[in-house]
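Structure first, then comments.
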Amino acid sequence: MSKTYEIGFIGAGSMAKAIGLGFVSKGVVKAEDIIVSAPSENNKAPWRNKGVTVTNDNNQVFSSCKILFLAVKPQHFSYVVSKLNTKNEGIPIKIIVSIMAGIPCKKLNEIFILNSNLNLAPSCVFKVMPNTPSLIGEGFSVICHESCAIPEELSLTLPKVISLMSAIGKAEVIPESLMDAAGALSGCGPAYTFLIIEALVDGAVKQGIPRNLAVQLAASTLAGSSRMVLETGKHTAELKDMVTSAGGSTIAALHALEKGGVRSALMDAIEAATKRSKEMADKP
Ligand SMILES: NC(=O)c1ccc[n+]([C@@H]2O[C@H](COP(=O)([O-])OP(=O)(O)OC[C@H]3O[C@@H](n4cnc5c(N)ncnc54)[C@H](OP(=O)(O)O)[C@@H]3O)[C@@H](O)[C@H]2O)c1
């Protein structure tokens, strides 16, 4: 009899690694209880090195895991799903978690509940928008489920999803209508943060600070300031004012940032990512 795995990933890329290898390093799931599939060797080495089972065969994952993470790009989803044996009965899947931007719960339900023989209910299918800091246990995942999911059934599945995602960071259940915007902030956000760090580092290097030191200064300043927001609960304007003395260097820099349109650029970024995520629901 073939082995049953606790967790399966279809897609082995950046986000699957952040989640799956995050689970392993936090000890939530043993590497030997995870199976992952991808068509090429691009991403398999880090999984193999940890002792995870890897395969090219999506149906091997689909037919052997209890909790399935769908972790391919949204534009590959239709093709991937068209090849899955969703008509197979008796496979062990109990929970399906899609981490794909855009693809709505309704579409997942059509595929894995209405048009399949999997014997799943809407309370078994979840959308999760995680982020890459999950790899170091500092992630933030927003979670939603179909509005037609039945509360009693959800009480059996949702805690499992929350507890998995909480093991690699924070997790919050939100309405599906907010998923695209939340993902535009927390899912895409690490990329914005790295870009900001890069720009701050270049600015410091231009002023003569060695690059290594500049990276430490920039990343630690962002991390420490973020912790102040989370731990003090104070409004960001109040925290900003604490640094900004009259006629000083900080206000001069803030003026330069405002002239450069930093606020509106960041607001535009969230708007652009939300819009693109919504578009991918219809046209990945
Ligand atoms: N990256 C993030 O920060 C982030 C955050 C939140 C959500 N997400 C979501 O996570 C999903 C994956 O994103 P990613 O950044 O991890 O992308 P990625 O690094 O490009 O990984 C995509 C994975 O899908 C695999 N794949 C492609 N075609 C496949 C097929 N036919 N069957 C099975 N696997 C296939 C790729 O295989 P190979 O390994 O062979 O190339 C790769 O392992 C996306 O839907 C995205 O919306 C990502």
Side-chain angles (χ1 to χ4, degrees), residues 8-23 34-50 52-65 68-86 96-105 107-108 111 126-136 138-144 161 164-165 168-172 174 176 178-195 269-270 272-284:
F9 286 87
I10 295 185
S14 316
M15 202 56 240
K17 276 185 274 191
I19 298 174
L21 301 181
F23 288 159
I34 302 180
I35 182 167
V36 57
S37 63
S40 80
E41 287 300 308
N42 290 345
N43 291 287
K44 290 199 179 121
W47 295 94
R48 260 198 208 103
N49 293 343
K50 287 278 178 193
V52 170
T53 302
V54 297
T55 173
N56 292 351
D57 181 359
N58 294 340
N59 272 306
Q60 189 189 347
V61 173
F62 193 65
S63 61
S64 66
C65 69
L68 173 70
F69 280 81
L70 294 164
V72 297
K73 292 279 188 201
Q75 56 270 33
H76 295 148
F77 177 59
S78 296
Y79 172 77
V80 167
V81 105
S82 70
K83 305 283 176 196
L84 289 180
N85 295 331
T86 55
I96 294 182
V97 176
S98 162
I99 65 160
M100 296 174 295
I103 316 285
C105 284
K107 187 160 183 178
L108 299 168
I111 295 164
F126 298 89
K127 259 184 78 173
V128 170
M129 193 45 55
N131 61 14
T132 50
S134 303
L135 184 60
I136 55 159
E138 295 280 341
F140 200 117
S141 299
V142 283
I143 303 169
C144 73
V161 177
L164 276 174
M165 301 319 292
I168 49 173
K170 297 193 172 101
E172 186 87 27
I174 64 171
E176 184 166 18
L178 299 181
M179 283 296 274
D180 293 312
L185 178 49
S186 60
C188 310
Y192 318 151
T193 312
F194 300 135
L195 179 144
I270 301 292
T274 307
K275 185 165 167 264
R276 179 62 192 133
S277 184
K278 286 185 196 304
E279 279 169 11
M280 286 192 290
D282 307 319
K283 247 193 306 165

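Order of listing sets the numbers, starting from 1, for every ligand and every atom in it.
- Side chains of Asn58 and Lys83 form no contact here, defined as non-hydrogen atoms less than 4.5 Å apart.
- Contacts between His76 and ligand 1, counted as non-hydrogen atom pairs separated by less than 4.0 Å, involve the side chain only.
- Taking every heavy atom of both residues into account, Val142 and Met179 meet most closely at O-CE, 3.5 Å.
- Against a heavy-atom cut-off of under 4.0 Å, Met100 is close to the following atoms of ligand 1: 45 (O), 47 (O).
- Among all protein heavy atoms, the one lying closest to atom 8 (N) of ligand 1 is Ile99 O, 3.7 Å.
- Closest heavy-atom contact between Gly183 and Met129: CA-CG, 3.4 Å.
- The shortest N or O to N or O distance between Ile10 and ligand 1 is not below 3.5 Å.
- Listed by atom number, the atoms of ligand 1 under 4.0 Å from Gly187 heavy atoms are 3 (O), 5 (C).
- Looking only at protein heavy atoms, the nearest one to atom 45 (O) of ligand 1 is Val72 O, 2.7 Å.
- Considering backbone and side-chain N/O atoms, Ala101 comes within less than 3.5 Å of an N/O atom of ligand 1.
- Nearest to atom 38 (P) of ligand 1 among the protein's heavy atoms is Ser40 OG, 3.5 Å.
- Atoms of ligand 1 lying under 4.0 Å from any heavy atom of Pro130, numbered from 1 in the order shown and given with element: 5 (C), 6 (C), 7 (C).
- Closest to atom 21 (O) of ligand 1, if we only count protein heavy atoms, is Gly13 CA, 3.2 Å.
- Only one option out of Phe23, Phe140, Phe126 pairs with Met165 in a side-chain contact (heavy atoms from CB on, under 4.5 Å); it is Phe23.
- Remark: ligand 1 atoms within the under-4.0 Å shell around heavy atoms of Gly11 are 23 (C), 24 (O), 25 (C), 34 (N), 43 (O).
- Within the set Ala12, Pro39, Ala38, Ala71, the minimum heavy-atom distance to atom 35 (C) of ligand 1 is found for Pro39.
- Here the heavy atom of the protein found nearest to atom 19 (O) of ligand 1 is Ser14 N, 2.9 Å.
- Not one N or O of Glu41 is nearer than 3.5 Å to an N or O of ligand 1, by distance alone.
- Proximity of a side-chain donor or acceptor of Glu176 to a complementary backbone N or O of Cys105 within less than 3.5 Å is detected.
- For ligand 1, the polar-atom distance check finds no N/O of Tyr79 at less than 3.5 Å from any of the ligand's N/O atoms.
- Closest approach of Asn131 to Gly139, counting heavy atoms only: OD1-CA, 3.1 Å.
- Within the model, atoms CG of Asp180 and CD of Glu279 stand 10.5 Å from one another, a figure rounded to the nearest 0.5 Å.
- Distances from atom 14 (P) of ligand 1 to the heavy atoms of Gln75, Met129, Lys44, Lys73 put Lys73 nearest.
- Annotation for Lys44: atom NZ counts as buried by contact number, over 12 foreign heavy atoms lying within 6.0 Å.
- Given atom 31 (N) of ligand 1, the protein heavy atom at minimum distance is Val80 CG2, 3.4 Å.
- Nearest approach of Thr274 to Ala184, heavy atoms of both residues: OG1-CB, 3.3 Å.
- An N or O contact shorter than 3.5 Å links Asn58 to ligand 1 by distance.
- Residues Ser134 and Pro130 share a closest heavy-atom pair of OG-CB, 4.5 Å.
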Compile the donor-acceptor pairs under 3.5 Å between side chains in residues 9-21 and protein atoms, sequence neighbours left out, one pair per line.
residue: Lys17; atom: NZ; partner: Asn43; partner atom: OD1; Å: 2.8

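- By the 3.5 Å distance cut-off applied to N or O atoms, Asn42 is counted among the residues near ligand 1.
- From the protein, the heavy atom lying nearest to atom 39 (O) of ligand 1 is Asn43 ND2, 2.6 Å.
- Shortest contact from atom 1 (N) of ligand 1 to any protein heavy atom: Met15 CB, 4.1 Å.
- When all heavy atoms of Met100 and Leu108 are compared, the closest pair comes out as CE-CD2, 4.4 Å.
- For ligand 1, the atoms lying closer than 4.0 Å to a non-hydrogen atom of Thr132 are 3 (O).
- With values rounded to the nearest 0.5 angstrom, Ile103 atom CD1 is found 12.5 Å from Lys73 atom NZ.
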